[in-house]
Amino acid sequence: MPEDGALPPSALDGRADRPLGFYLHVPYCATRCGYCDFNTYTATELRGSGGVLASRDNYAATLADEVRLARKVLGDDPRPVRTVFVGGGTPTLLAAGDLVRMLGAVRDEFGLAEDAEVTTEANPESVDPAYLAELREGGFNRISFGMQSARPHVLKVLDRTHTPGRPERCVAEARAAGFEHVNLDLIYGTPGESDDDWRASLDAAIGAGPDHVSAYALIVEEGTGLARRIRRGEVPMTDDDAHADRYLIADTVLAEAGFTWYEVSNWATSEAARCLHNELYWRGADWWGAGPGAHSHVGGVRWWNAKHPGAYAAALAEGRSPGAGREVLTEEDRRVERVLLELRLRDGAPLALLRPAGLAAAGRAVADGLLEEGPYAGGRAVLTLRGRLLADAVVRDLVD
């Protein structure tokens with residue numbers, strides 16, 4: 001990774017035809033959830049490892065330094081930023097004014113598109129009406145609350161700290177603050193969760209009135225607290241059949257409530273309610289990821305930052321890129337990634353992306369009820385409901 005972060009000229013070719021987004025990573029959490037393997041840090045984990053450079057107090061200013069670096073690297077890039085997504089970690093552990101300042105750095109350096117989507121993730125316990133109003137006034141127009149479950153015993157297994165019912169109240173508070181779009185994140189397949197528990201969580205989420213719901217199967221990652229508890233026999237291992245059953249329940253319940261799937265794990269009440277920022281990822285657009293461990297992609301070049309907040313801040317303080325490494329994707333890499341990502345979308349992937357073996361696999365997938373017949377006849381591979389349950393296997397066959 002060049003110390004100045006410079007990109008090869010090929011990465012900037014044709015950029016005017018690609019939307020540009022920014023992901024701003026906030027790596028701090030009050031506590032670590034048992035299932036989490038994200039690049040996040042509690043105060044205890046940071047103590048003595050990075051000093052003042054890793055502090056939350058000056059984080060907004062540090063991240064703004066990387067936004068200014070992005071301006072230098074992208075040069076005279078004329079594109080206003082189409083999406084900004086602040087994720088974590090727990091972004092709302094920072095003061096609302098800090099999040100607004102981070103957004104301001106992007107606006108000052110690049111400008112925002114007139115209809116830019118500006119999202120932050122939020123922990124339900126770390127916001128109140130005044131905080132939400134400050135975010136909305138500062139330019140945020142979409143918010144995503146981590147709900148995970150409505151059942152206390154499920155939240156306990158996940159080590160989630162919010163009170164049941166609080167995420168639903170947050171939706172009302174966000175609406176009152178003027179947020180146009182509100183998402184609730186749910187997790188299914190937690191050990192000890194029943195079908196009835198999952199239905200209750202879906203009903204609670206829908207009843208709160210968001211216009212977007214994300215539902216993800218719990219994945220037990222090595223090195224997490226939950227993995228250790230399962231290994232010790234304290235809680236049972238997650239069950240693939242239960243995951244499939246819960247997904248089918250989610251799709252049915254959400255559809256009945258007026259939500260339409262547009263990506264395997266995401267449902268929205270309208271096209272306007274979709275998460276445009278995530279669609280940039282799924283469609284291989286350009287985005288700059290600022291913050292410790294954040295990943296970026298511009299014109300077929302992908303890079304990632306130093307993971308530790310102290311190392312990240314030290315690089316910027318010394319005038320260096322915080323990038324830890326990068327790769328230049330080949331045309332074949334980009335083809336495969338398009339199939340991997342676009343197949344997850346409601347309008348699927350073009351059959352023209354497939355090699356002969358992949359085309360043959362697509363034909364078999366139609367016969368097996370994994371791809372829809374109509375779109376296939378029109379030149380696209382689109383997953384059926386059964387195909388969504390087996391999406392990873394379908395993708396493996398199609399990228400051959």
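- When the side chains of ILVMFWY residues are joined at heavy-atom separations under 4.5 Å, either directly or via intervening members, L329 and V395 end up in two distinct hydrophobic clusters.
- Around CD of E271, the count of heavy atoms belonging to other residues, nucleotides or ligands within 6.0 Å does not exceed 12.
- Looking at T384, its side chain does come within 3.5 Å of a backbone N or O of G369 through a donor-acceptor pair.
- Judged purely by atom type and a 3.5 angstrom limit, E173 has no side-chain atom pairing as donor or acceptor with the backbone of D128.
- By the rule that hydrophobic residues join a cluster once side-chain heavy atoms approach within less than 4.5 Å of another member, V298 and L280 end up as members of separate clusters.
- Nearest approach of P8 to V301, heavy atoms of both residues: CG-CG2, 3.8 Å.
- Judged by the 6.0 Å distance and 45° axis criteria, R388 is positioned over the aromatic ring of W261.
- The side-chain hydrogen bond (donor to acceptor under 3.5 Å, both in side chains) test with R246 singles out one residue from D251, D197, D195, and that residue is D195.
- L218 places a side-chain heavy atom less than 4.5 Å from the side chain of L158.
- Between L20 and R82, the closest side-chain pair of non-hydrogen atoms is not below 4.5 Å.
- With F145 as the partner, the side chain to side chain contact (heavy atoms under 4.5 Å, CB included) test is satisfied by one option alone out of V182, D185, N123: V182.
- For R199, the CZ atom is loosely surrounded, since the number of other residues' heavy atoms within 6.0 Å does not exceed 12.
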Using the ring-ring contact (aromatic ring centres under 6.0 Å, His included) rule, take W287 and Y23 through it: C-alpha gap first, then chi angles, then the decisive distance, then the call. CA-CA 7 Å; W287 70 88; Y23 172 74; 9.5 Å; no
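- Between E332 and R335, at least one side-chain nitrogen of the basic residue sits less than 4.0 Å from a carboxylate oxygen of the acidic one, meeting the salt-bridge criterion.
- Looking at heavy atoms from C-beta onward, E117 lies out of side-chain contact with V84 at the 4.5 angstrom threshold.
- Taking CG of D17 as the start and CG of D286 as the end, the distance is 10.5 Å to the nearest 0.5 Å.
- Note that OG of S144 and CD of E121 are 5.5 Å apart. Values are rounded to the nearest 0.5 Å.
- H308 and Y312 have their aromatic ring centers separated by at least 6.0 angstrom.
- The backbone N or O of F140 lies less than 3.5 Å from a partner atom in the side chain of R136, making a donor-acceptor pair.
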What verdict does the side chain to side chain contact (heavy atoms under 4.5 Å, CB included) test give for L383 and E372, after you've listed the backbone C-alpha separation in whole Å, the side-chain angles of each residue and the deciding distance to 0.1 Å? CA-CA 6 Å; L383 293 170; E372 295 184 5; over 6 Å; no
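- With hydrogens and angles disregarded, a donor-acceptor distance shorter than 3.5 Å links the side chain of E263 to the backbone of S265.
- Contact record, H243 with G189: CD2-CA, 3.4 Å, taken as the closest heavy-atom pair.
- When side chains are defined from C-beta on, R346 counts as touching V382, because their heavy atoms get closer than 4.5 Å.
- Annotation: the span from L74 atom CG to L7 atom CG amounts to 6.5 Å, rounded to 0.5 Å.
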Could you give me the CA-CA distance, side-chain angles and deciding distance for E109 and K72, then say whether side chain to side chain contact (heavy atoms under 4.5 Å, CB included) is met? CA-CA 10 Å; E109 294 298 330; K72 292 178 182 177; over 6 Å; no
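- E327 and W303 share no side-chain donor-acceptor pair at under 3.5 Å.
- We find the CG-CZ distance between L63 and R68 to be 9.5 Å, quoted to the nearest 0.5 Å.
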Determine, stepwise, if the pair L94 / Y59 fulfils side chain to side chain contact (heavy atoms under 4.5 Å, CB included). CA-CA 9 Å; L94 300 183; Y59 184 73; 4.0 Å; yes
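- L341 and W304 are not part of a single hydrophobic cluster, where members link through side-chain heavy atoms under 4.5 Å apart.
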Can you check side chain to side chain donor-acceptor pair (under 3.5 Å) on D333 and T330, steps first, answer last? CA-CA 5 Å; D333 291 334; T330 66; 3.1 Å; yes
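- Cation-pi geometry between R71 and F110 is met: the NZ or CZ atom falls under 6.0 Å from the ring centre, inside 45° of the normal.
- Within the 3.5 Å criterion, the main-chain N or O of G348 finds a donor-acceptor partner in the side chain of R380.
- Heavy atoms from other residues, nucleotides or ligands lying under 6.0 Å from CD of E373 number 12 at most.
- In this structure, the side chain of D4 does not engage the main chain of R320 through any donor-acceptor pair within 3.5 Å.
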Evaluate side chain to side chain donor-acceptor pair (under 3.5 Å) for N305 paired with H295, printing each intermediate quantity in order. CA-CA 7 Å; N305 285 345; H295 284 59; over 6 Å; no
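- Residues F22 and T83 fail the side-chain proximity criterion, which asks for heavy atoms closer than 4.5 Å.
- Under a 3.5 Å cut-off, the side chain of R302 and the backbone N or O of H297 do not form any donor-acceptor pair.
- Counting only distance, with no hydrogens or angles, the side chain of T190 and the backbone of E193 share no donor-acceptor pair below 3.5 Å.
- Taking the six-membered ring for Trp and the full ring otherwise, Y262 and H212 have centroids separated by under 6.0 Å.
- Closest of all the heavy-atom pairs between L103 and L24 is N-CD1, 4.5 Å.
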Test side chain to side chain donor-acceptor pair (under 3.5 Å) applied to T269 and D211, step by step: CA-CA 5 Å; T269 57; D211 59 357; 4.8 Å; no
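- With hydrogens and angles ignored, the 3.5 Å screen pairs a side-chain donor or acceptor of N183 with a backbone N or O of S214.
- Closest non-hydrogen pair, G192 versus H153, comes out as O-NE2, 3.4 Å.
- Heavy atoms only, all atoms of each residue included: A174 and L132 are closest at N-CD1, 3.8 Å.
- A pairwise comparison of heavy atoms in L398 and L354 identifies O-CD2, 3.4 Å as the closest pair.
- Taking the side chain as every heavy atom from C-beta outward, V26 and L93 never approach each other to under 4.5 Å.
- Y216 and V264 end up in different hydrophobic clusters when Ile, Leu, Val, Met, Phe, Trp and Tyr side chains are linked at under 4.5 Å.
- Residue V67 is grouped with residue L69 when hydrophobic side chains (ILVMFWY) are merged at heavy-atom distances under 4.5 angstrom, including chains of intermediate members.
- Centroid-to-centroid, the aromatic rings of Y247 and W267 come within less than 6.0 Å.
- Annotation: side chain of F179 is in contact with side chain of L135 (closest heavy-atom distance under 4.5 Å).
- Side chain of N58 to main chain of A61: no donor-acceptor pair is present (N/O by atom type, distance under 3.5 Å, no hydrogens or angles).
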Would T163 and E125 satisfy side chain to side chain donor-acceptor pair (under 3.5 Å), going step by step from the backbone distance to the final call? CA-CA 8 Å; T163 306; E125 299 291 352; 3.0 Å; yes
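- The closest side-chain heavy-atom distance from D245 to W198 is not below 4.5 Å.
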Could you please spell out the steps behind the side chain to side chain contact (heavy atoms under 4.5 Å, CB included) verdict for T90 and S126? CA-CA 9 Å; T90 308; S126 61; 4.1 Å; yes
